[in-house]
Number of protein chains: 2
Amino acid sequence: MAAKYLTIAREIKKRIISQRYPASSPLPDQFALAAEFQTSRMTIQQAIRQLIVEGLIYTRQGQGTFVRKNFLQLSQWDLPGSDYFGATKTWEHLGTVSSQVVRFDLRFPNEKEQSSLLINADAPVYDFVRLRLLNGEPMSLDATVMPVNLVPGLNKGHLESSVFQYVETLGLKIMGSYRVVRAIKPGELEQQHLICEAGDPVLEVEQVIYLEDGTPLEYAHCHYRYDHGGIVIVNNG
Amino acid sequence: MAAKYLTIAREIKKRIISQRYPASSPLPDQFALAAEFQTSRMTIQQAIRQLIVEGLIYTRQGQGTFVRKNFLQLSQWDLPGSDYFGATKTWEHLGTVSSQVVRFDLRFPNEKEQSSLLINADAPVYDFVRLRLLNGEPMSLDATVMPVNLVPGLNKGHLESSVFQYVETLGLKIMGSYRVVRAIKPGELEQQHLICEAGDPVLEVEQVIYLEDGTPLEYAHCHYRYDHGGIVIVNNG
DNA sequence: GAGTGGTCTAGACCACAGC
DNA sequence: CTGTGGTCTAGACCACTCG
């Protein structure tokens with residue numbers, strides 16, 4: 001049985017999407033909603049808070065609760081998990097995504113990797129490079145470093161399917177990411193695997209992915225072909 | 001007088017930063033905190049929820065409340081407003097930022113602009129191009145479209161200083177943004193103003209900035225030199 | 001079973017906006 | 001002044017984890 005406030009939030013969401021609550025006027029006030037759903041006002045407020053963080057509605061003290069004018073636009077992009085992971089997710093609806101392992105090594109981290117992953121110089125890391133293909137066409141080349149102690153037993157098979165699926169089976173949960181996006185000139189590896197000219201720009205994403213408790217899970221450089229879409233960033237205040 | 005739960009949240013934050021609550025063990029439980037702060041447990045939970053959304057702590061049912069291992073790292077980057085606006089803010093600490101107006105026109109929107117700004121074909125828009133300079137060096141070239149009815153009275157002087165400062169004086173508040181980041185080859189305008197070669201990649205940010213109620217305020221294409229840093233993206237679950 | 005966070009109630013008073 | 005959302009109380013029971 002889901003929490004009552006989540007059930008109510010879903011019901012209100014349905015009504016907004018079906019335009020039962022017109023975007024032009026405020027929602028019924030919290031007292032009315034509490035009466036209708038046979039619950040207390042606090043519970044209604046929890047449901048409303050839920051919809052606020054989802055970007056669906058906003059409140060104005062002294063005025064009421066309103067539907068965001070752009071929630072439908074945003075909801076097209078703000079899919080849960082759509083850019084949590086290797087950003088591959090963004091393309092899955094466009095065709096078949098596959099991976100090809102270019103390198104899979106074990107070594108010790110350099111200084112940059114130590115500080116990014118919050119580990120010591122003697123903590124071994126996996127170092128692997130994968131080529132991501134969409135319908136067989138090269139899409140991105142990712143170089144990843146992960147601490148061995150967090151993900152014991154990682155093998156080439158996991159790299160070819162989904163590393164994050166394996167990570168989940170270990171009971172680890174992703175919390176978020178820190179990324180820097182740049183445009184760069186392609187190096188030799190990129191020209192070779194992404195099949196691009198020296199004059200073709202490359203989109204570089206340098207990222208650290210964190211677990212729920214803030215432990216860094218991976219530090220990676222992802223290089224994307226310039227002609228295969230971009231990175232979507234949604235930022236709600 | 002600030003709300004009690006915010007006062008408590010600030011106090012707990014202080015204790016975490018000063019290491020009074022060691023990162024190795026859980027915080028005091030909610031009942032103990034309620035007793036210490038002479039308040040109800042609900043209020044403590046509000047304070048805790050506040051610190052969760054700030055990315056400082058996390059909770060585990062049946063276990064306790066814990067400090068995130070990376071909150072200090074993230075707090076270096078997750079500065080409020082650091083990438084809300086034209087991303088110029090990111091560089092302000094590096095030197096003097098100035099703007100040079102390349103174009104400032106009035107016209108009707110095309111189809112893409114109509115759908116991005118949620119306006120009709122007969123709603124006039126400003127169309128301006130600005131070159132952003134850091135310490136006199138070209139940094140980015142931004143092409144912006146804004147509905148006239150939202151920002152009446154915009155003039156060249158505002159473009160040279162800060163459009164967002166003017167927007168704020170009109171009582172409008174920014175809610176968030178929707179962006180797509182790509183790597184592209186420079187066009188003629190970019191090569192001319194950003195002083196780059198045809199083979200130099202350019203970082204393109206296509207963005208829509210929204211007001212509090214979801215009304216689109218601006219639709220812009222921002223082009224950055226590849227050798228002047230990147231876009232930082234922080235993503236908490 | 002004991003201890004933790006998660007949810008919920010039925011009220012109360014305060015702060016803000018609009019008439 | 002009225003109506004709205006914002007905060008707060010003092011309890012209650014439930015769900016989960018661990019010894």
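Chain letters run A, B, ... following the sequence lines, proteins first, then strands; residues in each count from 1. Everything quoted here is computed from the prediction, not taken from an experiment.
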From [options], pick the nucleotide closest to the side chain of [X]?
X: Met42(A); options: dG6(C), dT9(C), dA17(C); value: dT9(C)
X: Gln45(A); options: dG5(D), dT7(D), dA10(C); value: dT7(D)
X: Gln61(B); options: dC8(D), dG5(C), dT7(C); value: dG5(C)
X: Thr65(A); options: dG5(D), dT9(D), dA10(C); value: dG5(D)
X: Thr39(A); options: dG6(D), dT9(C), dC18(D); value: dT9(C)

* To do: Could you label the plane-to-plane angle of the His158(B) and Tyr166(B) rings as parallel, tilted or perpendicular, counting under 30° as parallel and over 60° as perpendicular?
  =>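 Rings of His158(B) and Tyr166(B): parallel, as their planes differ by under 30°.
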In whole angstrom, give the distance that lies between atom [atom1] of [X] and atom [atom2] of [N].
X: Glu212(B); N: dG5(D); atom1: CD; atom2: P; value: 16 Å
X: Arg49(B); N: dG5(C); atom1: CZ; atom2: C1'; value: 13 Å
X: Leu6(A); N: dT7(C); atom1: CG; atom2: P; value: 7 Å
X: Gln30(A); N: dT7(D); atom1: CD; atom2: P; value: 11 Å
X: Gln46(B); N: dC14(C); atom1: CD; atom2: P; value: 17 Å
X: Tyr5(B); N: dT7(D); atom1: OH; atom2: P; value: 4 Å
X: Ile44(B); N: dA10(D); atom1: CD1; atom2: P; value: 13 Å
X: Leu27(B); N: dG3(C); atom1: CG; atom2: P; value: 19 Å

* Asked: Pick the nucleotide of DNA chain C nearest each of Phe31(A) and Asp29(B); which residue has the one closer to the 5' end?
  ->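 The residue mapped nearer the 5' terminus is Asp29(B).
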* Asked: Closer to the 5' end of DNA chain C via nearest nucleotide, is it Ser40(A) or Gly62(A)?
  ->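 This one resolves to Ser40(A).
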* To do: May I ask you to evaluate whether Lys4(A) reaches the phosphate of dT9(C), defined as a side-chain N or O under 4.0 Å from OP1 or OP2?
  =>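 It does, given that an N or O in the side chain of Lys4(A) lies less than 4.0 Å from OP1 or OP2 of dT9(C).
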* Asked: Can you tell me if the side-chain N/O atoms of Thr59(B) get under 4.0 Å from OP1 or OP2 in dT4(C)?
  ->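 Looking at the OP1 and OP2 atoms of dT4(C), neither is under 4.0 Å from any side-chain N or O of Thr59(B).
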* Asked: Using 4.0 Å as the upper bound for N to carboxylate O, is an ion pair formed by Lys13(B) and Glu54(B)?
  ->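 So Glu54(B) pairs with Lys13(B) through a salt bridge.
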* **Glu113(A) with Arg107(A): basic N within carboxylate O range, under 4.0 Å** =>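 Arg107(A) and Glu113(A): salt-bridged.
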* To do: Would you classify Arg41(A) as touching base, sugar-phosphate or nothing, given that sugar-phosphate means primed atoms plus P, OP1 and OP2, and contacts are heavy atoms under 4.0 Å?
  =>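 Here Arg41(A) touches the bases of the nucleic acid.
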* Any donor-acceptor N or O pair under 3.5 Å, side chains Gln46(B), Gln50(B) ->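 Absent: no donor and acceptor within the cut-off.
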* To do: Would you please say whether a donor-acceptor pair under 3.5 Å links the side chains of Glu206(A) and Tyr219(A)?
  =>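 Glu206(A) vs Tyr219(A): donor-acceptor pair found between side chains.
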